Amino acid sequence: MAQLGGGNQPILILPEGTNRLLGRDAQRMNIMAGKVLAETVRTTLGPKGMDKMLVDSLGDIVVTNDGVTILKEMDIEHPAAKMLVEVAKTQEDEVGDGTTTAVIIAGELLKKAEGLLDQDIHPTVIATGYRQAAEKAQEILNVISIDADDRDTLLKVAMTAMTGKGTEKARKPLAELIVSAVKQVEEDGEVDIDHIKIEKKDGAVVDDSSLVQGVIIDKERVHPGMPSKIEDAKIALLNSAIEVKETEVDAEIRITDPAQMQAFIEQEEQMIRDMIYKVEDSGANVLFCQKGIDDLAQHYLAKAGILAVRRVKKSDMEKLAKATGAKVVSNLEDLSFNDLGQAGKVVERKISGDDMIFVEECKDPKAVTLLVRGSTSHVVDEIERAVDDAIGVVASTVEDKKVVAGGGAPEIAISKGLKEYADSISGREQLAVSAFAEALEIVPKTLAENAGLDSIDALVDLRAAHEKSLYMGLDVFKGEVADMYRAGVVEPQRVKKQAMQSAAEAAEMILRIDDVIASTGAGRAEGMEGMEGMGGMPGGMPPMM
Ligand SMILES: Nc1ncnc2c1ncn2[C@@H]1O[C@H](COP(=O)(O)OP(=O)(O)O)[C@@H](O)[C@H]1O
Ligand SMILES: [Mg+2]
């Protein structure tokens, strides 16, 4: 493989054993890999989608229908397939939902491209057409979106994102908590979702989930002699240890007299004692320390009636600062009353066997915590992923104030618009734009299939219904075409924008590749091993599933 012919004498320009795929072979293999990947997550789309059970090498189990989670857990090796995994990850980062949709659209774009390649249309032409179509799609999306960010809409957006994700019984109350959380941390029209902490615990029903106006820290107080509940808390945040520092160099102290020893110990004690005085003097009655707290310091803190927690995560320290208004102090010497934060209550509670510190009843906190409950750890994990998606879509809606109907309605509307647009284009790109338009129909088609409906009938009905209204989609529960706004199936515009854009970009990028050179060295294990498994050599078939 690694040699390029040159008369009788082969010229080696690549190391022995390098795998190489050229031209159509490269394209075919890459397209195949993308298609297989999309096919894998397809069955999970929509409220009636199925779940996947993923078992890792240690035997740990994840049961989910969350696209990005499945792809991350699958440990994909094929380089082109990996590019689609990136699509899902980008979608997750940018919006938090729509990961399956993005991957399915990308897979379908590749499939349609294959058909065009068979008609001898050059990959560059296809890529250009896809680019044009993706841009036009964004325009159409702007036209069919509706301006809304009222609470009722936000609730619908949250509930749509959670449909079919193991939250059924408690979808409404969970949506209420999520919308309240997002609105609470909103600052000047922007939402930093990192300021919403999700703390999950099994051993209770979903309905017991709650929103804490503050932060829950999954730790216990350092000393049992400390109060377990403090009202009207004054909170100090410290990111250095409370201990007598060990000397950096190995020093030896020679003690000749027991009195010297005593003096030495007393001096250390006094240093710790002074540090705790500092905390007391500031007026703090709660202390969160990012580093360690010495045994002796714990004792003095307990004696002073201060509730202290040690080794708090940095991210939690930041949330505590956001929620209580405290400043994180690096040096105890500098701690003063002005650095303290406030909370109505700091209390240690036992939640399904674990002690946790609740910093709650904060005044207008800019960081809050959702305590998510569920019966078992697998259930809680899946609910957490649903809640995470819902937070993402509600935040997007609060920021953009634009929504679309769900259930395949926007995909059909955009597909229709693109077909008309294609007619206005001269040149072979027209075929690519048409292919893009057809590819989008994969979303309603899959929703129908997963709901056990006839996908061809569904598409025909949908296209017909769109002659009258742009909001007609597939209500998978009733099994019929319906106005999705009325049905309360609403999604943020950003989900669709991002999904189409990153799907188109990934497809374009894969199409432009006409040469895959895989070294057998170190990089092999990382990227190219899958080449063989996925049929790296022409003629191979992907034994991926
Ligand atoms: N009640 C419903 N009826 C029909 N479609 C729905 C309904 N609720 C959600 N959907 C659709 O399901 C799709 C999202 O499915 P989901 O499994 O969450 O995948 P993704 O990872 O892409 O978000 C969207 O197209 C959405 O409009
Ligand atoms: Mg979703």
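Just follow the structure's listing: the first ligand is 1, and inside any ligand the first atom is 1. All values derive from a computational prediction rather than experimental measurement. Along the sequence shown, residues carry numbers from 1.
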Give the minimum heavy-atom separation between Arg373 and Ile383, together with the two atoms involved.
-> O-CD1, 4.1 Å

Closest heavy-atom pair, Gly488 versus Thr160, reported as atoms and distance to 0.1 Å, is O-OG1, 3.4 Å

Of the non-hydrogen atoms in Val206 and Ser209, which two are nearest, and what is the gap between them?
-> O-OG, 2.7 Å

Using non-hydrogen atoms of the residue, decide whether Gly49 is closer than 4.0 angstrom to ligand 1.
-> no

For Ala413 and Ile140 the tightest heavy-atom approach is O-CG2, 4.3 Å

Would you mind finding which of Ala102, Pro47, Gly164 brings a heavy atom closest to atom 2 (C) of ligand 1?
-> Pro47

among protein heavy atoms, the one nearest atom 23 (O) of ligand 1 is Asp97 OD1, 2.7 Å

Between Glu491 and ligand 1, is there a nitrogen or oxygen pair with a distance under 3.5 Å?
-> yes

Answer yes or no: is there a donor N or O on one side and an acceptor on the other, between the side chain of Thr153 and the main chain of Asp149, under 3.5 Å?
-> no

Would Asn142 and Lys497 count as having a side-chain donor-acceptor pair, cut-off 3.5 Å?
-> yes

If you measure every N/O of Thr160 against every N/O of ligand 1, is any gap under 3.5 Å?
-> no

Which atoms of ligand 1 have any heavy atom of Gly406 under 4.0 Å away?
-> 27 (O)

Of all the atoms in ligand 1, which lie at a distance below 4.0 Å from a heavy atom belonging to Phe477?
-> 1 (N)

One finds that the ligand 1 atoms under 4.0 Å from a non-hydrogen atom of Met484 are 3 (N), 4 (C)

So, is Thr99 polar-close to ligand 1, with some N/O to N/O distance under 3.5 Å?
-> yes

Side-chain donor-acceptor contact under 3.5 Å, Arg151 with Ser180 | yes

Output the list of atoms in ligand 1 that are nearer than 4.0 Å to some heavy atom of Thr100, sorted by atom number.
-> 19 (O), 20 (P), 21 (O), 22 (O)

Do you know the tightest heavy-atom contact between Ala175 and Met159?
-> CB-CG, 3.5 Å

Which of the atoms in ligand 1, numbered in the order shown and given with their element, are less than 4.0 Å from a heavy-atom of Lys496?
-> 25 (O)

Does the side chain of Thr124 come under 3.5 Å of the side chain of His122 through a donor N or O and an acceptor N or O?
-> yes

Can you name the nearest heavy-atom pair linking Ile216 to Glu199, along with the distance?
-> O-OE1, 3.7 Å

Gln184 side chain to Asp364 side chain, donor-acceptor N/O pair below 3.5 angstrom = yes

With Met356, the side-chain contact (heavy atoms from CB on, under 4.5 Å) member among Lys201, Arg349, Lys219 = Lys201

For atom 5 (N) of ligand 1, grab the closest protein heavy atom and report residue, atom and distance to one decimal in Å.
-> Gly407 CA, 3.3 Å

Ligand 1 atoms in contact with Thr44 (distance to a heavy atom under 4.0 Å) = 17 (O)

Under-4.0 Å heavy-atom contact with ligand 1, by part of Leu45 that carries it = both

What is the closest protein heavy atom to atom 12 (O) of ligand 1, and at what distance does it sit?
-> Gly46 CA, 3.5 Å

Are the side chain of Glu429 and the backbone N or O of Val125 linked by a donor-acceptor pair below 3.5 Å?
-> no

Nearest protein heavy atom to atom 22 (O) of ligand 1, by residue and atom, and its distance?
-> Thr101 OG1, 2.5 Å

Which of the ligand 1 atoms, numbered from 1, are nearer than 4.0 Å to a heavy atom of Val476 = 3 (N), 4 (C)

If you measure from each heavy atom of Glu411 to ligand 1, is any distance below 4.0 Å?
-> no

Which heavy atom of the protein is the closest neighbour of atom 4 (C) of ligand 1, given with residue, atom name and distance?
-> Leu474 O, 2.9 Å

Are Asn65 and Lys165 side-chain neighbours, meaning at least one heavy-atom pair lies under 4.5 Å?
-> yes

Quick one: look up the protein heavy atom nearest atom 18 (O) of ligand 1 and list residue, atom name and how far away it is.
-> Lys165 NZ, 3.3 Å

Flag Gly98 as yes when one of its N or O atoms lies below 3.5 Å from any N or O atom of ligand 1, and as no otherwise.
-> yes

Decide whether the shortest distance between a heavy atom of Gln91 and an atom of ligand 1 is less than 4.0 Å.
-> no

Identify, by name, the N, O or S atom of Asp97 lying closest to the Mg ion (ligand 2).
-> OD1

